[in-house]
Student: 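I am attaching a structure below and will ask some questions about it afterwards.
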Amino acid sequence: MALDYGRRRIGVAASDPTRTIASPHSAVANRDPAVEPPETLVALIGRLEPALIVLGVPLNMDGSEGDMAAEARRFGRRLAALTGVRVVEVDERLTTVEAEERLLGLGLRRRKRREKGRTDMLAAALLLEEYLAG
């Protein structure tokens, strides 16, 4: 499973049982990122029973860590403690840009491309795809 962490939404992707195909799964509202991970996400992790969670950490373009990266790392630690599932952090620079480009390439109308969570789910799938290939 992979998560594209965001303050408003968290994109979720899952792999097939053979761990070779990464697919967008859903987007979970992240209403209060300063508190605990959303209950709906914790419940989803319980249902999907992932072997591990790949968490995208948004580093700055120069590789340094900003506020958002530190927040994502804290989120990952809390999520691991709550679920008992190991969280692996990966650099997610430019995954959202790539996700938006792929959606554009699909020829979807603007309204479809902008649907809440679509980019977040695809970005999570790209993170998982890269991790599985790695």
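Side-chain atoms are counted along with the backbone in the values below, which use heavy atoms only and exclude waters and symmetry mates.
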Student: Is the number of heavy atoms from other residues, nucleotides or ligands within 6.0 Å of CG (Asp16) greater than 12?
Tutor: yes
Student: Do Leu52 and Pro50 have side chains that get closer than 4.5 Å, going by heavy atoms?
Tutor: no
Student: Can I get a per-line list of side-chain donor-acceptor pairs under 3.5 Å for residues 31-47, giving both atom names and the distance, sequence neighbours left out?
Tutor:
none

Student: Applying side-chain contact (heavy atoms from CB on, under 4.5 Å) to Ser15 and Leu132, what does each step give before you reach the verdict?
Tutor: CA-CA 9 Å; Ser15 71; Leu132 293 173; 3.9 Å; yes
Student: Looking only at heavy atoms, what is the nearest atom pair of Met121 and Ser26, with distance?
Tutor: CG-O, 2.9 Å
Student: Answer yes if Val54 and Leu82 sit in the same cluster of Ile, Leu, Val, Met, Phe, Trp and Tyr residues linked by side chain heavy atoms under 4.5 Å apart, and no otherwise.
Tutor: no
Student: Compare every heavy atom of Gly117 with every heavy atom of Ala27, then report the nearest pair and how far apart it is.
Tutor: CB-CA, 3.6 Å
Student: Check Pro58 against Ala69 and note the closest heavy-atom contact, atom names and distance.
Tutor: O-CB, 3.5 Å
Student: To check you understand the geometry: which heavy-atom pair defines the closest contact between Gly56 and Ala72, and what is its length?
Tutor: O-CB, 4.1 Å
Student: Would you say Leu55 and Glu92 make side-chain contact, with heavy atoms under 4.5 Å?
Tutor: no
Student: Out of curiosity, does Val87 fall in the hydrophobic cluster containing Leu48 (side-chain heavy atoms, cut-off under 4.5 Å, transitive links)?
Tutor: yes
Student: Are Met61 and Arg93 close enough that some pair of their side-chain heavy atoms sits under 4.5 Å apart?
Tutor: yes
Student: Indicate if Tyr131 and Val85 have the same hydrophobic cluster label, given that clusters are the connected sets of ILVMFWY residues with side-chain heavy-atom separations under 4.5 angstrom.
Tutor: no
Student: When hydrophobic residues are tied together by side-chain contacts of less than 4.5 Å, even through go-betweens, does Leu127 share a cluster with Val57?
Tutor: no
Student: Val90, Leu126: one ILVMFWY side-chain cluster at the under-4.5 Å cut-off?
Tutor: no
Student: Compile the donor-acceptor pairs under 3.5 Å between side chains in residues 1-10 and protein atoms, sequence neighbours left out, one pair per line.
Tutor:
{"unit_1": "Tyr5", "atom_1": "OH", "unit_2": "Glu71", "atom_2": "OE2", "d": "2.6"}
{"unit_1": "Arg7", "atom_1": "NE", "unit_2": "Glu71", "atom_2": "OE1", "d": "2.9"}
{"unit_1": "Arg7", "atom_1": "NE", "unit_2": "Glu71", "atom_2": "OE2", "d": "3.3"}
{"unit_1": "Arg7", "atom_1": "NH2", "unit_2": "Glu71", "atom_2": "OE1", "d": "2.9"}
{"unit_1": "Arg9", "atom_1": "NE", "unit_2": "Asp120", "atom_2": "OD2", "d": "2.9"}

Student: Measure the spacing between OG1 of Thr95 and CD of Glu129 and express it to the nearest 0.5 Å.
Tutor: 11.5 Å
Student: Work out which heavy atom in Ala125 is nearest to a heavy atom in Ala22; give both atom names and the distance.
Tutor: O-CB, 3.6 Å
Student: Judged by atom type as modelled, is there a donor-acceptor pair below 3.5 Å linking the side chain of Thr83 to the main-chain atoms of Leu79?
Tutor: yes
